[in-house]
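Quick notes on the structure that follows.
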Amino acid sequence: MDKKLVIIDGNSIINRAFYALPEMNNKEGLKTNAIYGFTTMLFKIIDTYKPTHISVAFDRKAPTFRHIEFEDYKAGRKKMPDELKVQFEPLKELLDRFQINRLELDGYEADDIIGTVSKLGEENGYKVYIVTGDKDAIQLASDKTTTLITKKGIGEVEEYDFDEVIKRYEMTPTQFIDLKGLMGDKSDNIPGIPGVGEKTGIKLIKEYSSVEGIIENIENLKGSIKKKVEENKELAIKSKMLATIVRDVPIDINLDDLKYGDFDPNRVVEYFRYLGFTSLIPRVIEIDDKEKLNFDNENYNIKKLEDIECFVKEASNKKEVLIKTVRKEGNILEKNILYIFVSTDGSNIYYIEEDNISDLKEILLSKEIKKFGYNLKDDYIALKSYDIKLENMYFDIAIAEYLIDSMSSTSYECSAIAMKYLTKKVKSTEELLGKGVKAKKYQDLEFEELSTHISQILSTVYNVNSIMESNLKEMDIDGLFYHIEMPLVEVLGDMEHEGIKVDKEKLNELGTEFKEIIKRLEKEIYDIAGEEFNINSPKQLGVILFEKLGLPVVKKTKTGYSTNADVLEKLKNQSPIIDKITEYRQIVKLNSTYVEGLLNIINPISNRIHSSFNQTITTTGRISSTEPNLQNIPVKLEIGRNIRKVFIADENCKLVDADYSQVELRVLAQMSQDENMIDAFKHNEDIHTKTASQVFDVDAKDVTSELRSAAKAINFGIVYGKSDFGLADDLNIPVKQAKEYIEGYFEKYDKIKNYMDQTIEKATEDGYVTTIFNRRRYIPEIKSSNFMERNRGKRFAMNAPIQGSAADIIKIAMVNVYKKLEEKNLKSKLILQVHDELIVEAIKEELDIVKSIVKDEMENAVLMDVHLDVDLNIGDSWYETK
DNA sequence: TGTATCACG
DNA sequence: ACGTACGTGATACAG
């Protein structure tokens, strides 16, 4: 086999990669973008050139002979950013794990090592490739050596061998050195001959072939060029010397040591995991043994479930079953299951078709048999349409992964889980079904493909759950998982299935009303503007406001003028158009998002709205709601609040709305153990008034509403880690004064200050913060060398435990309310959660007991020094429950 | 598809 | 000196 040697300029490529790629972090906050870029580049080179030998050369910190010869060499270079500096050692570690040779030598640059190794390679019959971002290396090109220069970041390379250099530059590779001797190099601070640039340089070299040749023929030169050369010939010779890559560095190299390919992929994969490069894992396995990646079809077999009795017996004995339902696209209330796949061992996979679902009832309904799965809430809801309640949902790998590694914002797709834990390739939903408008549906797939995919999911569930369980225990979040998150699956499933009743006519009426207002405002705005335009387009609106009407530009966005509510607020006295636009925006929002949006999504079967509640989205532990989002229904402004009139209780029912009072501040008081704040809550004082009286040093009875709302802003600001600047902006006061307020606050609530400091310290040390139930949020930003990033990290650190603990608490309350309602055989249902608020649709006869259950379970969800306080409101519509 | 905007806790 | 409050989701526009 032909011997091929690739020599990489480590410094050059890592630099290119660093500037070409956006920021990346691993879980611990280590910057990884340059390492990632380098690695992908390395793979690309390996794929394209198939080298038998590889070496990576690095610069050393020590000054080189060039610095000694010429003190200004590379002077004025920008210092390497810390974000890049920290990536060198991990990269070297990675190369070592690849068993890729590394070379570096005091007193020489990577270039010189490359020159030396390439020469050695040529002499020993290798085809040599040099990989760098530095065009200087073109001087090393020859018929045996190809120089690959990165272009367009690091995505592509340009190939230069001897012929190519001649063709493109009409000079030999070595003449490149002479050219640089003449024209110098700004980036290395090589002077060259002042006044000689590329054009003159090339002309001279074409004629006299080298710097020395030019100097010898100095008499034949003319005019200013002659003068320049005469005056600077030493400089030219010195510059040429600086530009010449040394090819006989005193380094002991045995080319056999550069052999590539003999490495342990497991060690590389392990390090990829540490770096967070899960997507690169298949590349390594591919090099080693591609087969390993695929689920071996012989490892499982798929059969139609015939001997039900036998399977039921086995599941009952094991008390465990893996389950995954596959359903058609369609109304969530309809029966639309295509198949249910089940297994007890992860390898014998059985499926059952819709008609025979009831055969599985004994297993599904069993509270003894633990259900293991992936996105179990989907299975639960699918089965609900058949009036089958999936009992004992015990382990959902998506939820487990959400708790274990909430960093991987890349959702908790089974494909990612399989790759991370098992190094197995499972198709992602996108790979299976495609994306966009052309996406297939489950019912479109061949059974073969579908069943293979589902089997792989079940196999993954089977093989990862024990690893995950030990991770959960290690992190001390097994309690959170088994007692809060898993029981919540059923609660959310029920909420989704129940939905909330909507008064469609009322919604239409509101729509008509809004549309009339919009029409009127539109006309008035056009009148003032003097022309018609699209008010909804920030771009067009910007032109009208700031160019046509000449209003002052307050703020700019990436793309143009900012026209957001803050900006309009500042402009409102300057033109009557502003208030109209503000109002127009409001009504348009109400109409399109809430009226039209909700109308589109009312379920025709139930005439109710069935929002999805997602348990694995937020970084803090909150639940999120989609299609529609019922957690942002207007309430603050009266006009928007009207939307709540359409959310109504079913006949014979009332809505019971229970919300925690100041739950986040209570959590803060609890976590910080600040006596002052705990005391305020213990005595049921108005916390904002108390804060006002303390910070502004007035008697509680003298706290004006202005002072109270200032204190309220401070209280909330503290929870988010707000700065004096932000507070000043909010309260319209000087920054200095805001600063005094915050300082005053921390003086009065000194334990809170303590707590914040400690939390930040812990986050910096551990890389994460935790809630009272040990829910973890990783904060890589806190180690950033970028001031702004780091400060953001600090704010996350301060906020996440508070928001997250509040989320933990209401989740517990939900589970307990649900259990109580079930226990007492009540028909009233929990139907909504809005972060600190629960809504139960209560049967009128059950109203009193429901009220007491909700209040009780919410207030006693967690025992704290600071008691939790719940406000209850009853109404026929959500609007009335205020 | 990304950006701007705005609704909620 | 930096730039400035946490967490979400839906809609409309524009390239």
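Sequence lines set the chain letters: A, B, ... in the order given, protein chains first and strands last, and positions in each chain run from 1. Computed from a predicted model, the values in this text were never measured in an experiment.
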Next on the checklist: One thing to verify: whether A:Lys580 and A:Glu524 come together as a salt bridge, which I'm taking to mean a side-chain N less than 4.0 angstrom from a carboxylate O.
Outcome noted: yes

Next on the checklist: Please determine whether a side-chain nitrogen of the Lys or Arg among A:Lys645 and A:Glu880 lies less than 4.0 Å from a carboxylate oxygen of the Asp or Glu.
Outcome noted: no

Next on the checklist: OP1 or OP2 of B:dT5 versus the side-chain N and O atoms of A:Thr563: is any pair under 4.0 Å?
Outcome noted: yes

Item to check | Whole angstrom value for the distance that separates C1' of B:dT3 from CG of A:Asn564 | outcome: 13 Å

Checklist entry - What does A:Asn786 touch in the nucleic acid at a heavy-atom separation under 4.0 angstrom: a base, only the sugar-phosphate, or nothing? => result nothing

Item to check | A:Leu832 CG - B:dG9 P separation (whole Å) | outcome: 13 Å

Checklist entry - Salt bridge check: are A:Lys783 and A:Glu83 linked by an N-O gap of less than 4.0 Å? => result no

Checklist entry - Does any nucleotide pair with B:dA4 by Watson-Crick or G-U wobble geometry, both distances under 3.5 Å, and what is it? => result C:dT11

Next on the checklist: Base, sugar-phosphate or nothing for A:Glu664? Non-hydrogen atoms, less than 4.0 Å.
Outcome noted: nothing

Checklist entry - Under 3.5 Å, side chain of A:Thr618 to main-chain N/O of A:Gly621, donor-acceptor pair present? => result yes

Checklist entry - Is it true that A:Lys762 and A:Glu765 have a side-chain N and a carboxylate O under 4.0 angstrom from each other? => result no

Next on the checklist: Taking any atom closer than 4.0 angstrom to a non-hydrogen atom of chain A, what span of DNA chain C does the protein reach, first nucleotide to last?
Outcome noted: C:dC2 to C:dG15

Checklist entry - Is A:Asp724 touching bases, backbone alone, or none of the nucleic acid, heavy atoms closer than 4.0 Å? => result nothing

Next on the checklist: Taking any heavy-atom pair under 4.0 Å as a contact, classify A:Ala565: base, sugar-phosphate, or nothing.
Outcome noted: sugar-phosphate

Item to check | P atoms of B:dT5 and C:dT4, separation to the nearest Å | outcome: 15 Å

Item to check | Shortest side-chain distance from A:Lys589, nucleotide among B:dC6, B:dT5, B:dG9 | outcome: B:dC6

Item to check | N or O in side chain of A:Ser562 less than 4.0 angstrom from B:dT3 OP1/OP2 | outcome: no

Next on the checklist: Under 4.0 Å, heavy atoms only, any strand: does A:Gln540 hit a base, just the sugar-phosphate, or nothing?
Outcome noted: sugar-phosphate

Checklist entry - Taking the six-membered ring for Trp, are A:Phe696 and A:Tyr741 parallel (under 30°), tilted (30 to 60°) or perpendicular (over 60°)? => result perpendicular

Checklist outcome for this item: Sequence neighbours excluded, the answer for ring pair (Phe, Tyr, Trp, His ring centres under 6.0 Å) partners of A:Phe613 is none

Checklist entry - Could you give the CG-to-P distance, from A:Asn536 to B:dC6, as a whole number of Å? => result 11 Å

Next on the checklist: What contact category does A:Val635 fall into here, base, sugar-phosphate, or nothing, at under 4.0 angstrom with non-hydrogen atoms?
Outcome noted: sugar-phosphate

Checklist entry - Nearest nucleotide by nearest heavy atom, which residue falls closer to the 5' end of DNA chain C, A:Leu727 or A:Asn632? => result A:Leu727

Checklist entry - Between atom OH in A:Tyr720 and atom P in B:dG9, what is the gap in whole Å? => result 10 Å

Checklist entry - How many Å lie between CZ on A:Arg641 and C1' on B:dC8, as a whole number? => result 13 Å

Checklist entry - Can you tell me how far P of B:dG9 sits from CD1 of A:Ile809, to the nearest Å? => result 18 Å

Item to check | Separation of atom CD1 in A:Ile617 from atom P in B:dC8, rounded to whole Å | outcome: 22 Å

Checklist entry - Within the structure shown, what part of the strands sits under 4.0 Å from A:Arg622 by heavy-atom distance: base, sugar-phosphate, or nothing? => result base

Checklist entry - Base, sugar-phosphate alone, or nothing: which one does A:Thr618 contact when heavy atoms must sit under 4.0 Å apart? => result sugar-phosphate

Checklist entry - Quick one: do A:Glu496 and A:Lys377 make a salt bridge, cutoff under 4.0 Å? => result yes

Checklist entry - NZ of A:Lys558 versus P of B:dA4: gap in Å, rounded? => result 6 Å

